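Quick notes on the structure that follows.
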Amino acid sequence: MKKIMLGNEAVARGLYEAGVRLVSSYPGTPSTEITEAAAKYDEIYAEWAPNEKVALETALGAAIGGGRSFCGMKHVGLNVAADPLFITAYTGVNAGMVIGVADDPGMHSSQNEQDSRHYAEAAKLPMLEPSDSGECCEFTKLAYEYSEQFDTPFILRLNTRVSHSQSIVDTGERVEIPVKPYEKDPSKHVMMPGNARPRHIVVEKRLADLAKFAENCPFNRVIKNDGAKLGIITAGPSYNYALEVFGDSASYLKLGMVYPLPAKLIRDFAAEYERVIVIEELDPVIENFCRAEGIKCDGKNLLPLCDEFSQELLAKLLCDREPECYTIDDPIPPRPPVLCPGCPHRGIFYLFNKLKLYVSGDIGCYTLGASKPLGGMDTTFCMGASVSALHGFNKIRHEENKSVAVIGDSTFMHSGITGLVNITYNKGISTVVVVDNSITGMTGHQQNPCTGFTLKGEPVKGILIENIARAAGVPEEHIRITDPNDLAETEKVLKEELAADCPSVIICRRPCALLKYVKHNPPLKVDADKCIGCKACMKIGCPCISVTNGKASIDATLCNGCGLCTQMCKKDAIG
């Protein structure tokens, strides 16, 4: 049956049809929907793990136990999972295992651009790269067969456009794969030096076998057009862009297996054409391989290293012509992302700014607190770094005592706990503010260990952050819980804990305003006769509030009556 699916949904369909038994992931745009879609199949056990390292180790354990498994993440999540990733090449698998990673060229929702193909080469693991939803399903299914054939995980590289675009998928039935027997083999699975040395030899031999396989594998194909003098070597969505721009004026080597690359196939293809162009996002991985093989080609000398590609970009840079597309003559004003109306994080960032604190920030929707007018964040590095980095900052500037870390509940469970332990163990005096909105908000309301529900919606005992802080060694009297919408009380708690000569944790607990069970108050209104146009209400950066003719105005279609703005107005003009 043919269906139109998102790329991520198509991967999940491939998991289902391949007989996958376990999926363990951590949510991260643009990969999240793979696991959410997989969870809808009753035949698949699916879970959100606390972080990507745990997820990958869980999937590896399942594969060694004899069940086909999958682990999904975004590109920066692969950094977190790098430790077990490299080991999987040595241990191999028993049942098939696929690792899905979604890159984000253009940084639509990421803190960096990163090309995950480098991980495949460094870890010596095979990598596939589909270019549309149909290939997402097909590549995923076949990857399990090849994973078992070569006794190694396969990496499936997606990116934002493939993950979040729709195309036709030819769906099939699920194949039930029996759980494979487990045989105890410490020489293969216990990675101490005496066992790892001979396993490295196995890895290198397997890589050579995979390189031979790449020459004739079904993922790599040549599309010839008679009379074409231009040969294009490409992969992923870049193939779709090139096809639209060049059509039948070029021939194409479409690489679906991007590591290891097929040397002979590439050389033979390039030899047939007067000119060869390598089109790839982001880094010149294929291009560098071609040059190492002695192939003269164009690539990054014409195309950028940064940002994602498009038909328009290829037409302009490679054909020196304006793209054929519809345009809107009127300029569209930029709309920077902001915290939602009623967001429980807004108040704490207002206070950070008001108290002129140094704020060590973290990854989540609350990162938007860095934007003006809140301006309540100094740094953001990676998941969990707020806590660890604050400790280092305070060890250098401990006399100032005007700094905090801010981290969300899901991010705290992901990688903030160890940073907190580092503070208490090493006699730090840092204040950690956990903004607990009862959900993983940034990636679209996924459950986490604090929420009390699993990915499948099953109720469990939620982990209390205050219990973690207590166990980590934070003094009981310095673990504080506040409602971030109560500005006066939260400011009082902040000042008290900043003055303390010991570690402290402040939990700002209020659920995300977008959760379905959250009940809202009626929208607020501005009394124009009382409003003096002081713009104090604008300091919280609420998108509901604007100024018209010198007076504040509230958009009733957006306002959910959180009341934060009423605490800003000294003239009682809002109510």
Side-chain angles (χ1 to χ4, degrees), residues 339 343-362 364 366 369-370 374-379 384 386-409 411-412 416-417 419-438 450 464-511 536 539-540 562-568 570:
L339 294 172
C343 176
H345 305 324
R346 180 169 278 109
I348 192 66
F349 282 102
Y350 165 76
L351 292 175
F352 290 161
N353 192 329
K354 177 184 176 182
L355 297 175
K356 294 181 170 53
L357 302 181
Y358 172 90
V359 182
S360 180
D362 224 294
Y366 51 90
L374 295 172
M377 196 174 287
D378 287 76
T379 61
S386 61
V387 183
S388 309
L390 179 67
H391 174 65
F393 183 88
N394 283 339
K395 283 294 182 180
I396 297 299
R397 310 179 71 91
H398 54 85
E399 74 283 352
E400 297 179 11
N401 209 25
K402 290 274 288 182
S403 61
V404 296
V406 62
I407 188 169
D409 50 325
T411 311
F412 181 76
I417 297 173
L420 182 61
V421 171
N422 191 44
I423 289 172
T424 59
Y425 171 62
N426 289 298
K427 300 181 179 181
I429 57 169
S430 297
T431 297
V432 176
V433 179
V434 183
V435 285
D436 181 4
N437 65 350
S438 306
C450 298
L464 292 174
I465 294 167
E466 51 267 39
N467 289 346
I468 297 290
R470 192 176 297 114
V474 179
E476 182 74 36
E477 63 273 21
H478 292 284
I479 302 172
R480 313 286 293 275
I481 302 174
T482 71
D483 179 352
N485 273 16
D486 186 339
L487 293 179
E489 175 63 19
T490 303
E491 182 174 357
K492 174 176 173 288
V493 169
L494 265 173
K495 288 179 177 178
E496 290 173 353
E497 295 310 322
L498 284 169
D501 192 27
C502 66
S504 59
V505 170
I506 302 171
I507 302 166
C508 295
R509 182 166 284 152
R510 175 174 275 263
K539 293 180 180 179
I540 57 174
C562 74
L564 200 63
C565 57
T566 65
Q567 300 173 64
M568 307 298 297
K570 304 304 181 184

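Here the structure is a predicted model, which is why all the values come from computation and not from measurement.
- Minimum interatomic distance between L420 and V387 (heavy atoms only, all atoms of both residues): N-CG1, 3.4 Å.
- Checked by atom type and distance alone, the side chain of D436 pairs as donor or acceptor with a backbone atom of S438 at under 3.5 Å.
- Atom CG of D501 has 12 or fewer heavy atoms from other residues, nucleotides or ligands within 6.0 Å.
- Under the 4.5 Å side-chain criterion, counting only non-hydrogen atoms from C-beta, N485 is in contact with C562.
- By the 30° and 60° cut-offs, the orientation of the rings of Y366 relative to F349 is parallel.
- Between I506 and V434 there is no side-chain heavy-atom pair separated by less than 4.5 Å.
- Considering only heavy atoms from C-beta on, C508 comes within 4.5 Å of V433 through its side chain.
- Distance check, rounded to the nearest 0.5 Å: NZ of K395 to CD1 of I429 gives 8.0 Å.
- The two atoms that bring A405 and L390 nearest to each other are N-CD2, 3.2 Å, heavy atoms only.
- A donor atom on one side chain and an acceptor atom on the other are not found under 3.5 Å apart for S360 and S386.
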Using a 3.5 Å cut-off and no angle test, enumerate the donor-acceptor pairs between side-chain atoms of residues 351-358 and protein atoms at least two apart in sequence or in another chain.
unit_1, atom_1, unit_2, atom_2, d
N353, ND2, P373, O, 3.3
N353, ND2, L374, O, 2.2
K354, NZ, E491, OE1, 3.0
K354, NZ, E491, OE2, 3.4

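- Side-chain contact of T411 with D362: a donor-acceptor pair under 3.5 Å is absent, judged by distance alone.
- Listed for the R470 side chain is no donor-acceptor partner under 3.5 Å among the backbone atoms of E476.
- Counting all heavy atoms, side chain and backbone alike, I407 lies closest to G384 at CD1-CA, 4.1 Å.
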Side chain to side chain contact (heavy atoms under 4.5 Å, CB included), that's the test. Do V435 and D409 meet it? Break it down for me.
CA-CA 6 Å; V435 285; D409 50 325; over 6 Å; no
How far apart are the C-alpha atoms of R510 and N437, what are their side-chain angles, what is the distance that settles it, and do they pass the side chain to side chain contact (heavy atoms under 4.5 Å, CB included) test?
CA-CA 5 Å; R510 175 174 275 263; N437 65 350; over 6 Å; no
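- The main-chain N or O of D483 is found under 3.5 Å from a side-chain atom of T490 such that the two form a donor-acceptor pair.
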Give the C-alpha distance, both sets of side-chain angles, the deciding distance and a yes or no for side chain to side chain contact (heavy atoms under 4.5 Å, CB included) between H478 and V505.
CA-CA 6 Å; H478 292 284; V505 170; over 6 Å; no
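- The heavy-atom pair separating I465 from R509 by the smallest distance is N-NH2, 4.3 Å.
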Decide side chain to side chain contact (heavy atoms under 4.5 Å, CB included) for L494 and T482; before the verdict, give the C-alpha distance in whole Å, the side-chain angles of both, and the deciding distance to 0.1 Å.
CA-CA 10 Å; L494 265 173; T482 71; over 6 Å; no
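- The two residues A472 and T424 make their nearest non-hydrogen contact at O-OG1, 2.7 Å.
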Using the salt bridge (Lys or Arg N to Asp or Glu O under 4.0 Å) rule, take K492 and E497 through it: C-alpha gap first, then chi angles, then the decisive distance, then the call.
CA-CA 9 Å; K492 174 176 173 288; E497 295 310 322; over 6 Å; no
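- When V421, V474, I417, I479 are each tested for a side chain to side chain contact (heavy atoms under 4.5 Å, CB included) with I468, only one passes: I417.
- Taking NE2 from H391 and CD1 from I423, the interatomic distance works out to 7.0 Å, rounded to the nearest 0.5 Å.
- N394 places no side-chain N or O within 3.5 Å of a backbone atom of R397 that could act as its donor or acceptor partner.
- Judged by distance alone, with hydrogens and angles left aside, the side-chain atoms of R480 form no donor-acceptor pair with the main-chain N or O of V493 at under 3.5 Å.
- Of all heavy-atom pairs between Q567 and A488, the closest is OE1-N, 4.4 Å.
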